[in-house]
Amino acid sequence: MHRSAPLLLFGRTPTLTFLSLRTVKRIAVCAILFGMPIRSTVLSHAARPFTSFSLADQPRVRAALDWLAKNVDWINNEQARLTEIPAPSFQEEKRAAAVKALFEAEGLPAHSDKIGNVIAELRGSNDKECILVAAHLDTVFPADTDVKVRREGDRMLAPGISDNGTGLAALVALARALHVAKIRPQRTILLAANVGEEGEGNLRGMRALIDAYRTKLRAVIVLDGSGTDHVTTKALASRRLEVVITGPGGHSWSDFGMVNPINALVRGSVRFINTKVPASPRTTFNLGQVEGGTSVNSIPFEARLKVDLRSENEEELLRLESALRECIAAGVKDEMDNARDRSKGKLEWKVNAIGSRPGGDLPADSALLSSLRAADDYLGNQSRIERSSTDANIPLSLGIDAIAIGAGGNGGGAHSLQEWYEPAGRELGLQRVLLALLGVSGLAVEKGH
Ligand SMILES: [Zn+2]
């Protein structure tokens, strides 16, 4: 826990005389967070040591940090238990109920909203403002996937164990640590297990949370997956589209020569995958799911294709979306032009938007990022800025401060049946979340101070 350099937000700090300009800015941020007027604290009492600002020196914060370090087994077990409750997008109810029970066991009032998000509230001294910590409940795995957790040494293996078993375990661990340590924040802390992050969930859970709390919300911390090596401050924009091509359908032998929707889809897809996309701004596409046809000896009446498009740049994304439409249109035309028997009907096609994640960036001078950086400094952790597509896209696109971070430990194989998680070092991730959170929520001023 000890660092060589003095740290401003959490550690013992020297007097103002020795502080750099950046330092002074940080102290200013911290004074704001703790609800103290900058003038009287930084200026009038400039000669006073700043230990009173320091979060980690507060006994209750200390107690919460200690609880997180000493209860890794409990947290691991809750992670396994929650992971073993299937929760594909749109079927998160059972897992949501389990998280709600854990919140309530900590004496936190919790409720479910209309679409199935579970929200627990730790009331602050100023409940006109709040900070949201969210972890998504849903997985990409169908309900019948075997999600039993296997243990190999310290390693836990199961689909969804890391994404987002880690985030959910961290959420309930935070609830317990805050409760055990009797922490009272200045701004209200909302802990939410949200639905609909993955796939066609289209961030519907986070959209609903932002709708509900928008006017009070000062920052959002999204816990997604494991690790402590990154902080997502840039929201990667994406579009998900579904191509649908339909035709009359018929018999493979007697109707041969009729237009075939699968042929048209293949013709259009081959054109599309030859589209050149720039390496910078990084732009990607994925043909992710194909459906269509009813039997091997029938000319299908329908073909469907789901495509995921992403780019660091909105314009590239729009260009790619038009390229997809043009290629499909051309594929359909090729098929119709080449049909031997045009009297038996023609093809229709459309492209449906099935998901859209807006982009956005967290300002580099935001209080939330400063708070995370201060937590990293205090814990001796290093992390890099990342661009990614997460629940944080929604607040970031609306200009609300948000980050997405891992909740500690190590994981791999996300979205595959081989997904794994290793909890070694997870306390670092949990403490990082707690300190970053309390840095922006602040602590209620206790009586007698
Ligand atoms: Zn995730």
Side-chain angles (χ1 to χ4, degrees), residues 78-80 82-92 95-96 98-99 115-118 132-142 145 147 149 156-174 191-210 220-238 240 286 288 308 310 355 357 383 386-396 402-423 426 429-430 432-433:
E78 289 307 319
Q79 177 168 348
L82 293 170
T83 300
E84 288 179 347
I85 306 172
S89 306
F90 300 98
Q91 297 171 57
E92 299 101 336
R95 190 179 283 186
V99 173
I115 63 165
N117 294 318
V118 170
L132 171 66
V133 185
H136 70 85
L137 286 158
D138 57 326
T139 72
V140 296
F141 304 101
T145 308
V147 287
V149 176
M156 299 196 274
L157 296 104
I161 186 73
S162 178
D163 178 15
N164 195 20
T166 313
L168 291 171
L171 199 65
V172 299
L174 272 181
L191 301 174
N194 63 280
V195 300
E197 192 272 343
E198 300 285 5
E200 291 169 38
N202 198 28
L203 311 186
R204 66 193 193 104
M206 181 55 77
R207 289 177 207 267
L209 289 170
I210 299 294
V220 179
I221 299 174
V222 169
L223 305 178
D224 201 342
S226 53
T228 49
D229 57 350
H230 72 279
V231 49
T232 297
T233 62
K234 298 166 188 292
L236 179 63
S238 71
R240 279 126 191 223
N286 183 54
D308 172 274
R310 302 182 183 212
R357 296 183 172 202
S383 62
E386 261 187 10
R387 182 182 297 278
S388 174
S389 178
T390 68
D391 270 327
N393 280 50
I394 300 302
L396 285 172
I403 54 174
I405 53 178
N410 281 300
H415 295 197
S416 84
L417 297 175
Q418 289 74 42
E419 191 170 346
W420 57 271
Y421 178 72
E422 282 175 1
R426 85 178 303 164
L430 296 166
R432 181 178 183 233
V433 175

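Remember, it's 1-based here, ligands and their atoms both numbered in the order they're listed.
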For Ser383, all residues meeting side-chain hydrogen bond (donor to acceptor under 3.5 Å, both in side chains), sequence neighbours excluded: Arg373, Asp376, Arg432
Strictly under 2.8 Å, is the Zn ion (ligand 1) approached by any N, O or S atom of Glu198?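 Of the N, O and S atoms in Glu198, none lies under 2.8 Å from the Zn ion (ligand 1), which means no.
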For His415, what residues pass the side-chain hydrogen bond (donor to acceptor under 3.5 Å, both in side chains) criterion, not counting sequence neighbours? Asp163, Glu198
Identity of the N, O or S atom of Asp163 lying closest to the Zn ion (ligand 1): OD1
Does the Ser162 side chain pair with the main chain of Gly411, one donor and one acceptor, at a distance under 3.5 Å? no
Donor-acceptor contact present, side-chain Glu92 to main-chain Asp138, <3.5 Å: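 No: the side chain of Glu92 does not pair with the backbone of Asp138.
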Got an N, O or S from Asp224 under 2.8 Å of the Zn ion (ligand 1)?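 An N, O or S atom of Asp224 is closer than 2.8 Å to the Zn ion (ligand 1), so yes.
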